[in-house]
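Below is one structure; the comments refer to it alone.
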Amino acid sequence: MPTITLPDGSTKSFDGPVTALAVAQSIGPKLAAAALGCKVDGELRDLSTLLDRDCSLAIITERTRDKQPDKDALFLMRHTAAHIMAEAIQDVLGKEIQLAYGPPTDTGFFYDMFVPAGKSISSDHFAAIDARMAAIIKENRPITRYELPAGEGLAKLKAEGNKYKLDNAERALGLPPTQYKGAKSDAEPKAAASNANARLSFYATGEAGKNWEDLCRGPHVPSTGRVGAAKVMSLASSYWHGDENSDRLMRVYGTAFASQVELDSHLTQLEEARKRDHRVVGKALRLFHIDDQVGQGLILWTPNGSVLRQQLADFIGEELRKQGYHQVFTPHIGRLELYKTSGHFPYYKDSQYPPIIEREALEQLMAQGCGCAEMMNRVEGVSARLAASLNERTGREVIAADRVRPDEELLDGYMLKPMNCPHHIKIFASQPHSYRDLPVRLAEFGTVYRWEQSGELNGMTRVRGFTQDDAHLFCTEEQVPAEIVGCLSLVKTILTTLKMNDYRVRVGLRDPDGAKYTGTAENWDRAEKACRDAARSMGVPFTEAPGEAAFYGPKIDFMIKDVIGREWQLGTVQVDYNLPIRFDLSYIGPDNKPHRPVMIHRAPFGSFERFCGVLIEHFAGAFPAWLAPEQVRVLPISEKTNDYAVSVVDALKAKGLRATVDLGGDRIQAKVKEAADMKVPYMAVVGPRDAENNAVSVRARGIQKDLGAMPLAAFVDAIAREVATRGAEPLQING
RNA sequence: GCCACCGUAGCUCAGUGGUAGAGCACUCCCUUGGUAAGGGAGAGGUCAAGGGUUCAAAUCCCUUUGGUGGCUCCA
């Protein structure tokens, strides 16, 4: 006699078990007709779910009360669409395509499948797959769920010969995988393994035993027709369970919406996003260039982009001076021993460029007949002296005995720096410090190099060489909270000035069971509390992420959403107990004894490259005047006013403004269009009328008309003020 | 790294085995025009690089190189 509680708090009682659909029908036929699925005690389920005990129930329909697409409804539709696409692909390309894993995602769904040698799926097949999908949707076949006892289900899958599905089932049942010995087992054997009642569920797209079916946890919409519109989007490769040592699969992406109109508008939105893409805008506005011959992932800052970067650097430089930072400069390379001490080498060698070895040393090795393997051993080796002191300081074996080599065998070299901290530490350590000196804040726009996999590279947002607006703060334990707050307020100032308000803050904390962390539990507790308190004081949404801390300390990351909805980690603040130990840093305390300082790493922008990439998309290239590479373009009506136009540009330049003049033979309409295409914030149109009155006719970006004439001197002053205040006092025109 | 697609003029792109194309940008000429493209002419390419097949290759095949999308959220 189940009692069902509905979202409005009302209850309904039934004599015996009922399906969610029956409950919907008892509320109203329209609701039942619109229903796609349900939520039982908050869990998304099929409409056919049998409710046999008291529970809360919400019926999922295409739209929420305010007519917005319902997220759960989309999830259900896309899950079903994944099945429909898989069926369509097998229809088009053959049953030899083995299905592996096909879940919904935030923007659609994908299906990973094994494509046997000799077969391949390419975008040429998309039209056929789309057509087949549309047909299946039109057939409006019911989705049928059935369950088998675990043993029977496994036997069925074994008979079908799909090892991926078998593996999935074993994992779902909590059994040890028999199919993938080498694959990492993310699932701990669950209690379910011993549960004799464990069952596997299957979904047929139509009639069980007759139509296409798939091992699937569900849930799904009640019939294929309830998927409004679906489309294959793209292809990619993936690994089984994300494990690169496991099988390589083909991933087919698709998306589905409640209606064709919504699908179309999604596609249009993607198109719009592409127009804002920093790579597209960057090329059109000539902001940066990446050259094959220079190298992948290496940004060449062209004059226009350099203006952007310089303005950001100046902006942050001012803030740093206000906050008592010291500017430093350090080289782009450093000796390997430095990074052996810091721990960067060779532990992160997969993400670093290989070491630079001096030519003489190389020639000597060659003369000795030394092979590559031996050379790497000598490069990675550590002297007994360094190993002993590092192991002692850190209190554990950070340098294993087998890495220790006799001094005469060690081969030193240089490394492109992957981080700035070791250099800054050496500046700090170059002289003794009293507690009265602290905190010491060393800032540098430091360029670092990291070897990212080629497939990870992306325009300016994922690169191999980048310049961080980096700083390292050396302070006492007690000063940590105040310093973190200072760092966060800096980030907030920057983001607010740039009107980048769509971000969240993530506080990375240590794992509860973490044994891998450096530093004492008390220090960690204090630092984590400081991070949490500081994040809270910002007044922006923040989440705590246990396990996201670095091994050397907790951190605070700023995650910024770009126009395509991707999140980028930009600014970061990290507390570090490890490097002060490894480098044996100290300051003299009031007790006249040496104490260990704490380090804080922070980079408000992250890197200029990524930040500018995101900034370009944020503004779609239409930068505020203070950032714009070209702030004013002067447009003479005809060559008769060229001389006056030049004098206007000179007046603007005299105030330090970035102004150009278009002396070409085009008509004014063409000149206006060109300046608008380049997203110049202000145009100063000048003709005989203006020349006579020593005035300019102003046109602002985004406003499709002439804003009228204003005296030249007033215009120059107004623009200069807008730029100097970074947009806080914009040009006012009576228009 | 891996899978799919792609690389043709400065930019955006046509060109499926038979003499390398268009629009924009550029240079010059005409036009001297008051707010999102006035008209004409010209110049510009080792078709990413290398190799192969062919009487003939931008086009077909192989290799290299670069770019784009993607590489999980228990079935």
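Below, read A as the first sequence line, B as the second, and so on, with proteins coming before strands; counting in each chain starts at 1.
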Open item on the list: What contact category does Arg248(A) fall into here, base, sugar-phosphate, or nothing, at under 4.0 angstrom with non-hydrogen atoms?
Closed with: sugar-phosphate

The Watson-Crick or G-U wobble partner of G23(B), with both key distances under 3.5 Å, is C11(B)

Walking RNA chain B from its 5' end, the first of Tyr101(A) and Leu235(A) to be reached, judged by nearest nucleotide, is Leu235(A)

- Task: For U59(B) versus U68(B), give the span between their P atoms, rounded off to a whole number of Å.
- Result: 24 Å

To the nearest angstrom, the CG-C1' distance between Leu76(A) and C73(B) comes to 15 Å

Ile299(A) atom CD1 is separated from G67(B) atom C1', nearest whole Å, by 13 Å

Comparing nearest nucleotides in RNA chain B, the 5'-proximal residue of the pair Gly297(A), Ala169(A) is Gly297(A)

Under a 3.5 Å limit on both distances, the Watson-Crick or wobble mate of C28(B) is G40(B)

From NE2 of His79(A) across to P of C73(B) the rounded distance in Å is 15 Å

So what does Ser638(A) hit on the nucleic acid, given a heavy-atom distance under 4.0 Å: a base, only sugar-phosphate, or nothing?
-> base

May I ask you to decide whether Lys275(A) forms a salt bridge with Glu272(A), counting only side-chain N to carboxylate O separations under 4.0 Å? yes

Given the C1' atoms of C55(B) and A41(B), what is the spacing between them in whole Å? 40 Å

query: When we call it a touch if two heavy atoms are under 4.0 Å apart, what does Gln453(A) touch: a base, just sugar-phosphate, or nothing?
result: base

Atom CG of Asp666(A) and atom P of C29(B) are separated, to the nearest Å, by 14 Å

(message) Need one value for Gly153(A): base, sugar-phosphate or nothing, where a base atom within 4.0 Å counts as base even if backbone is also close, heavy atoms only.
(response) nothing

_Over all strands shown, is Asp690(A) touching base, sugar-phosphate only, or nothing at heavy-atom distances under 4.0 angstrom?_
base

Re C71(B): Watson-Crick or G-U wobble partner, both distances kept under 3.5 Å, found to be G1(B)

To the nearest angstrom, the CG-C1' distance between Leu285(A) and C11(B) comes to 13 Å

For this session: Could you check whether Glu674(A) gets within reach of a base, just the sugar-phosphate, or nothing at all, counting any heavy atom under 4.0 Å?
Result: nothing

If you look at every strand shown and take non-hydrogen atoms under 4.0 Å, does Ile668(A) touch a base, only sugar-phosphate, or nothing? sugar-phosphate

In Watson-Crick or G-U wobble terms, with both distances under 3.5 Å, the base opposite U53(B) is none

- Could you give the distance separating C5(B) and G38(B) at their C1' atoms, to the nearest angstrom? 42 Å

Can any side-chain N or O of Lys671(A) pair as donor or acceptor with the backbone N or O of Val685(A) at less than 3.5 Å? no

His278(A) atom NE2 is separated from G69(B) atom P, nearest whole Å, by 9 Å

Glu271(A) and Arg274(A) ion-paired at < 4.0 Å: yes

Are Tyr164(A) and Asp112(A) linked by a side-chain donor-acceptor pair shorter than 3.5 Å?
-> no

By the Watson-Crick or G-U definition, both distances under 3.5 Å, G66(B) is matched with C6(B)

Rounded to whole Å, CZ of Phe110(A) lies from C1' of G69(B) at a distance of 15 Å

Could you tell me how far A43(B) sits from A25(B) if I compare only their C1' atoms? Round to whole Å. 13 Å

### Query
What interatomic distance, in whole Å, is found between C1' of U16(B) and the corresponding atom of C74(B)?
47 Å

Exercise: do Ser697(A) and Asp690(A) side chains pair donor with acceptor under 3.5 Å:
yes

By the Watson-Crick or G-U definition, both distances under 3.5 Å, G45(B) is matched with none

When rounded to whole Å, the CG to P distance for the pair Leu215(A) and C74(B) reads 15 Å

